[in-house]
Engineer: 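The structure is given below, and queries will be raised subsequently.
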Amino acid sequence: MASVPEQADFDNSLRLYTYRRMVETGRAPAVATAAKEMGSNEAAVRAAYARLSESHAFMLTESGELWRLAPFSAVPTAFPVESSGRTYYANCIWDALGIPAMLGQDATIPTSCACCNLEMSLQVEAGSLLPHEGLIHVGVSARRWYEDVVFT
Amino acid sequence: MDRWCRQWNRERGGIFSLQQGWDLARLWYADRLSPKWRPFNAQEAQAIFAQVGLTSDFWSLG
């Protein structure tokens, strides 16, 4: 059995590997792929993803595959982010803005207004969000965000 | 915003500008690819909200 420091090192290596795969390919790796490419096994990867999910930075589907690796969504959503020739997805506008913030890259966020459904395309250029009319509404108070993340 | 909340039978939540959202996103996510990243504790998260002006009870993690 791995010691706690060894486990923490593995978790961090897996976390960085997973983000790198997401950034490079636009897709989250499957557990089987991560296990193979990390030179590990599926049980160890599943256990590590479960530990990484305790902080809600990662979240898993019922089958144990990645659903969210914040700020990325592992599945397509209404918040696409186009950057460096790839399309990523986020679970909300905060996370969508988090992708260019994390990558340090220009990005276009071709989303729509939740109020009227009109196109609302946001641009991040050279580390700044270009001015655009609009507001962000968070419907669930901060202390309750993780009671139901999908609704939040 | 009030019209939308009435239309969808939702309570008015926390509202902030796109610029605040960008500032929040940078503070929250800019170091996520660092090998030294670790999750924020509640106190650190609260301080980030305050840095971008989100200080009402809606943003309280306590």
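In what follows, chains carry the letters A, B, and so on, assigned in the order in which the sequence lines appear, proteins first and then strands, with residues in each chain numbered from 1.
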Engineer: Any idea which heavy atoms bring A101(A) and A25(B) closest together, and the distance?
Structural biologist: CB-O, 3.8 Å
Engineer: Can you measure from CH2 (W94(A)) to CD (Q20(B)) and round to the nearest 0.5 angstrom?
Structural biologist: 12.0 Å
Engineer: With respect to chain A, which residue among G14(B), C5(B), G13(B) yields the maximal number of heavy-atom pairs within a distance under 4.5 Å?
Structural biologist: G14(B)
Engineer: Heavy-atom distances under 4.5 Å only: say whether D31(B) touches chain A with side chain, backbone, both or neither.
Structural biologist: neither
Engineer: Side-chain contact, heavy-atom cut-off 4.5 Å: W37(B) with R15(A)?
Structural biologist: yes
Engineer: Taking C-beta and beyond as the side chain, do W28(B) and P71(A) meet within less than 4.5 Å on heavy atoms?
Structural biologist: no
Engineer: Would you say L103(A) and L16(A) are hydrophobically clustered, going by side-chain heavy atoms of ILVMFWY under 4.5 Å?
Structural biologist: no
Engineer: Tell me, please, which residues at least two apart from R27(A) pass salt bridge (charged side-chain N to carboxylate O under 4.0 Å, His left out).
Structural biologist: none
Engineer: Within the structure provided, determine whether R143(A) and D57(B) are in side-chain contact (heavy-atom separation under 4.5 Å).
Structural biologist: yes
Engineer: Side chain, backbone, both or neither: which part of A70(A) has a heavy atom under 4.5 Å from chain B?
Structural biologist: both
Engineer: Are M102(A) and L14(A) connected into the same hydrophobic cluster when the rule is that any two of I, L, V, M, F, W, Y join if their side-chain heavy atoms are below 4.5 Å apart?
Structural biologist: yes
Engineer: For the residue pair V138(A) and F58(B), what are the closest heavy atoms and their distance?
Structural biologist: O-CZ, 3.0 Å
Engineer: Under the salt bridge (charged side-chain N to carboxylate O under 4.0 Å, His left out) rule, collect the residues that match up with R86(A), sequence neighbours excluded.
Structural biologist: none
Engineer: W22(B) and L18(B): same hydrophobic cluster, using ILVMFWY side-chain contacts below 4.5 Å?
Structural biologist: yes
Engineer: With a 4.5 Å heavy-atom cut-off, do Y29(B) and L97(A) have their side chains touching?
Structural biologist: no
Engineer: Are V31(A) and L66(A) linked, directly or through other ILVMFWY residues, by side chains that come within less than 4.5 angstrom of each other?
Structural biologist: yes
Engineer: Please classify the contact between S34(B) and chain A as side chain, backbone, both or neither, with a heavy-atom cut-off of under 4.5 Å.
Structural biologist: backbone
Engineer: Report the hydrophobic cluster partners of W8(B), with the cluster defined as I, L, V, M, F, W, Y residues connected by side-chain heavy atoms closer than 4.5 angstrom, directly or transitively.
Structural biologist: W4(B)
Engineer: Write down the atom of H137(A), the atom of R12(B), and the distance for their closest heavy-atom approach.
Structural biologist: NE2-C, 3.8 Å
Engineer: Quick check on the structure: residues of residues 118-136 of chain A within a heavy-atom distance below 4.5 Å of chain B, by number.
Structural biologist: M120(A), L122(A), V124(A), G127(A), S128(A), L129(A), H132(A), E133(A), G134(A), L135(A), I136(A)
Engineer: First locate atom CG of L24(B), then atom CD1 of I93(A), and finally report the distance between them rounded to the nearest 0.5 Å.
Structural biologist: 12.0 Å
Engineer: Where on E11(B) is there a heavy atom nearer than 4.5 Å to chain A: the side chain, the backbone, both, or neither?
Structural biologist: backbone
Engineer: Count the heavy atoms of every other residue, nucleotide or ligand shown that sit under 6.0 Å from CD of Q43(B), and state whether that count exceeds 12.
Structural biologist: no
Engineer: Run the numbers on R38(B) and S55(A) for side chain to side chain contact (heavy atoms under 4.5 Å, CB included), then give the verdict.
Structural biologist: CA-CA 9 Å; R38(B) 60 170 179 76; S55(A) 70; over 6 Å; no
Engineer: Look at the side-chain heavy atoms of Ile, Leu, Val, Met, Phe, Trp and Tyr, link any pair under 4.5 Å apart, and say whether I48(B) and L33(B) land in one connected group.
Structural biologist: yes
Engineer: Non-hydrogen atoms of chain A under 4.5 Å away: do they reach the side chain of F49(B), the backbone, both or neither?
Structural biologist: side chain
